[in-house]
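First up is the structure itself, then whatever we jot down about it.
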Number of protein chains: 2
Amino acid sequence: MNIKEASEKTGVSSATIRYYEKETLIPAIDRSEAGNREIDERIIRRINFVKQMRAAGMSIENLRRYIQLFDNQEDNTKEQIALLNEQMAEMEEKRDDLQAAIDHLHFKLNHFYDHVQASEEELRTLERQHQEKLDQDK
Amino acid sequence: MNIKEASEKTGVSSATIRYYEKETLIPAIDRSEAGNREIDERIIRRINFVKQMRAAGMSIENLRRYIQLFDNQEDNTKEQIALLNEQMAEMEEKRDDLQAAIDHLHFKLNHFYDHVQASEEELRTLERQHQEKLDQDK
DNA sequence: GCTTGTCTTCAAGTGCACTTTAAGAGTTAT
DNA sequence: ATAACTCTTAAAGTGCACTTGAAGACAAGC
């Protein structure tokens, strides 16, 4: 698989895949005769892992620290576990920040429905849209 | 209250408060005789709201759009509700991304405990630390 | 009256995570 | 064999959200 196919498969741009390789977030990728990257499923899984962690807001530097620990299989189990716990704690805090913000907006929305002076049909439309959103999100 | 006190009270730097004012994320702040900002509780609440939404990853631009809609009390109820729903959907998606990443790391951690060849007392120490972390996070 | 500590504005600088550009090379289609 | 499409590297550029720096004003304390 060349880099373009890998990009389409993962939803990560070719340039970003090259960048991740340079930053050692994914392993060094083997090259073909012509010097082009030949990407296999193992690399795809690694790209997807990086994508997932980046979506969760883990910084490139933390991700690199984490990956280096796991790639260099040495007796650094304690550090690995400490790092995992640290990252999870950070993510859980972020998730809770998000939940707090969501709750805040939910409160605003309810406040709106109580006090808005919209016409009956406008209200019904809005409520239907809101319900559809909730159903869709679920 | 001057800007330094407001900064200490909110945990947002003076420079950032000035920046938020310039970007109209908080209302224009009244000045004293000498031209210094006089910050009241209403502004403090607005700073904290911005802080919360920023922590949740809402961009400055979206936050400004949102705040302008709510500050200009006009007949834009539909837009306001649409915007609220849009923001909540974004945040819920982010929250779910985070949860997926947390689950992934939890899985790794469990995998670790199953396969690691650590000594008994090291394992006990690690497990205790992990449990303490969980208790603390809860 | 001078230092210290606050404030002001405006502009420039920073850090992160990409993204784009430039210049070139190999492969396939007409 | 020329165009079109892919790839390569290295370096420069971009966008966001601040952060820092410069230059100056005002008030309190020694």
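All of these numbers come straight from a predicted model, not from anything done at the bench. Chain letters run A, B, ... following the sequence lines, proteins first, then strands; residues in each count from 1.
Within the nucleic acid shown, B:S59 comes within 4.0 Å of sugar-phosphate atoms alone, with no base atom in reach, counting heavy atoms only. Using a 4.0 Å heavy-atom distance criterion, B:S13 is classed as a sugar-phosphate-only contact. Within the 4.0 angstrom heavy-atom criterion, only backbone atoms of the sugar-phosphate kind lie near B:R54; the bases stay farther away.
Note on A:Y20: a side-chain N or O is less than 4.0 Å away from OP1 or OP2 of C:dC18. Between D:dA17 and B:T16, no contact under 4.0 Å exists linking OP1 or OP2 to a side-chain N or O. Between A:R37 and D:dT6 there is no side-chain polar atom (N or O) within less than 4.0 angstrom of OP1 or OP2. An OP1 or OP2 oxygen of C:dC7 is reached within less than 4.0 angstrom by a side-chain nitrogen or oxygen of B:N2.
Comparing B:E33 and B:M58, the nucleotide of DNA chain D nearest to each residue sits closer to the 5' end for B:M58. Looking at which nucleotide of DNA chain C each of B:K22 and B:S14 is closest to, the 5′-most match is held by B:S14.
Computed from coordinates, the A:E5 CD to D:dT6 P distance equals 10 Å when rounded to whole Å. Put simply, CD1 on B:I3 is 7 Å from P on C:dC7, counting in whole angstrom units. Separating the CZ atom of A:R65 from the P atom of C:dC16 is a distance of 13 Å, rounded to the nearest angstrom. Rounded to an integer number of Å, the gap from CD1 of B:I39 to C1' of C:dT8 is 13 Å. Note: CG (A:N62) to C1' (C:dA17) measures 14 Å, nearest angstrom. The CG-P distance, from B:D30 to C:dT8, rounds to 13 Å in whole Å. Here D:dT20 presents its P atom at 13 Å from CZ of B:R18, a figure rounded to the nearest Å. To the nearest angstrom, C1' of C:dT6 lies 16 Å from CE of B:M1.
Which of D:dA17, C:dT9, C:dC18 sits closest to the side chain of B:R31 comes down to C:dT9. Closest to the side chain of B:N36, out of D:dC18, C:dC7, C:dG26, is C:dC7. Relative to the side chain of B:K4, the nucleotides C:dC7, D:dA17, D:dC26 differ in distance, and C:dC7 lies closest.
Between the side chain of A:E5 and the backbone N or O of A:N2, at least one donor-acceptor pair lies under 3.5 Å. For the pair B:K4 (side chain) and B:S14 (backbone), a donor-acceptor distance under 3.5 Å is absent. With hydrogens and angles ignored, the 3.5 Å screen pairs a side-chain donor or acceptor of B:R64 with a backbone N or O of B:E23.
At a cut-off of 3.5 Å, with distance as the only test, a side-chain donor of B:Q99 or B:D103 sits close to an acceptor on the other residue.
The pair A:K9-A:E41 counts as a salt bridge, with a side-chain nitrogen and a carboxylate oxygen less than 4.0 angstrom apart.
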